[in-house]
2 protein chains.
Amino acid sequence: METLLNLWPHPPVDDGDAARFCSTCVFGRLCLPDGYDKRALADLHCLIEHVGPFRAGDEIFHTGEAFNAIFSVRAGLVKTYVLDDKGREQVLGFYTPGELVGLNAIYPARYPCNAVAVDTVMLCRFSFPAMATLAARIPSIQETLFRLISKDIGTATLGKGDYSAEERLAAFLVNWSERLSSRGYSARRFVLPMQRTDIANYLSLAPETVSRVIRRMTDEGLIAIDRREVELRDPETLERLASSLLRRG
Amino acid sequence: METLLNLWPHPPVDDGDAARFCSTCVFGRLCLPDGYDKRALADLHCLIEHVGPFRAGDEIFHTGEAFNAIFSVRAGLVKTYVLDDKGREQVLGFYTPGELVGLNAIYPARYPCNAVAVDTVMLCRFSFPAMATLAARIPSIQETLFRLISKDIGTATLGKGDYSAEERLAAFLVNWSERLSSRGYSARRFVLPMQRTDIANYLSLAPETVSRVIRRMTDEGLIAIDRREVELRDPETLERLASSLLRRG
DNA sequence: CGACTGTTTGAAGACGATCAACCCCTGTGG
DNA sequence: CCACAGGGGTTGATCGTCTTCAAACAGTCG
């Protein structure tokens, strides 16, 4: 498989164009169901703070820290995880450009997990109290917040259930593919920027199992893979494998 | 083990006292962090609709149905679940009096799961659009909604990870115990109103495995159980077993 | 009392985890 | 340019836990 170039999203970083964030940030796409609302955007823009770059391994927030902001990923990959009493890690999620991190912290008012940069990460920081105030004034923002938080319930619910290693990996690939393609990247060929152990951990599998399933899928012609670059060769079969986990009935 | 009487919550049903719902409903306890806000309560009360009773097996809502309301359980037990393409059921959650059902439907604007009554159920129905409007006017209600929805992310996240059957069941019992005791019921002795199959399904275990783990725990003196009535005989050990799953680090 | 559902028990099998070794790529220093 | 070290990833062999299949059992309701 030839080397894939520029498959991984790295949208333009702060160039001083105030409106630019909309193309990357969720609020640019989700906030305003019926097109752009200039006033809402302008108000939103006031409370945005660009932070970063973070380098691979840098902490974005950690468990127990007081909650005061949510983050929208502008570039790179963010991983959230928790540590149990014995120091074992449990990966909770990966966040790619356009996605929001930290919504699970609203309830306890403290971040309930750690967030780290997997590669070079740029973020938008939204003060949550300020957003809430704005939300009370602008219905479309309130609605968007409700929906975004609610969406994370569904995301967290995916994967509940008893699935084979093959179903899990297929679902992971299909879901990843869809999230990238919804942002304009190729659904067929993309990069998995995280390491195998993190994928395995996220899927509640042993790294060895992930490796073996990848091999099996490669042998069966479902995927082609070279290091972290993937091509979905048989998306239909993968989707069928993933369907029950992703609840496509 | 002698028969347990009145262990299962069945709070008083509609008696015409307008303020009464506060003792059962989440909004009575969570809405107003610093005590009761009479005006907010009065406004809330206008958009509440008491529905029920539902009998065991009655559908409350079903997958794909347009979302327009959330429900607070006043009495009985509600189960949510999804069906995959092969008709297999996956239980997503159990909701006991005081808990809210339907928050995961905000995002897709359709209920993403089915909800049924496990026993005799009484509900408060909240029109969501009306609540959102009210939330824009009353900050404490908006804040509560954000927190309640966010809380469900954390709830859905529990159980992610690779745990033994023993850890799962211990976590289930401890969690159930805490939810009941936070509402004034005994933390030590209570009823599990759902059937074993549903517990097993919820925990992603085979019913047979649940049965065996129960036997093991009984033999080891951790619990005493008779049909659906449980006594936690060694809560400390159970909590230790459950700690990593429930993320008590 | 008898049929049905829900639950328990037992024996056999499958799937993934674990342990151990090896491989490959990268970066480093001589 | 090559030798080496180290992390991440792959492969193989064995073990354990949970599932599956089958049957018996218990409680409930007609």
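Reminder, nothing fancy here: chain letters follow the sequence lines and each chain counts from 1. Everything numeric here is computed off the predicted structure, so don't read it as measured data.
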* Asked: Is B:Arg228 touching bases, backbone alone, or none of the nucleic acid, heavy atoms closer than 4.0 Å?
  -> sugar-phosphate
* Just wondering, do B:Asn104 and B:Asp152 contact through their side chains at under 4.5 Å, heavy atoms? -> no
* Asked: Less than 4.5 Å apart, any side-chain heavy atom of A:Phe172 and any of A:Ile199?
  -> yes
Roughly, in whole Å, what's the span from [atom1] in [X] to [atom2] in [N]?
X	N	atom1	atom2	result
A:Ile214	D:dG8	CD1	C1'	13 Å
B:Glu167	D:dT17	CD	P	12 Å
A:Ile199	D:dG8	CD1	P	14 Å
A:Asp226	D:dT10	CG	C1'	14 Å
A:Gln195	D:dT10	CD	P	11 Å

* Asked: With distance as the sole test, does A:Ser204 use its side chain to make a donor-acceptor pair with the main-chain N or O of A:Ala200 at under 3.5 Å?
  -> no
* 5' priority, DNA chain D, between A:Asp162 and A:Arg227 [closest heavy atom] -> A:Arg227
* To do: For the pair B:Phe61 and B:Phe71, name the ring-plane relationship: parallel under 30°, tilted 30 to 60°, perpendicular over 60°.
  => parallel
Identify all pairs in which a protein N or O lies below 3.5 Å from an N or O of nucleotides 11-16 of chain C, and state each distance.
{"unit_1": "C:dG16", "atom_1": "OP1", "unit_2": "A:Ala165", "atom_2": "N", "d": "2.6"}

* To do: Give me the bend of the helix from C:dC1-D:dG30 to C:dG30-D:dC1, using the axes of the five pairs at each end, rounded to 10°.
  => 30°
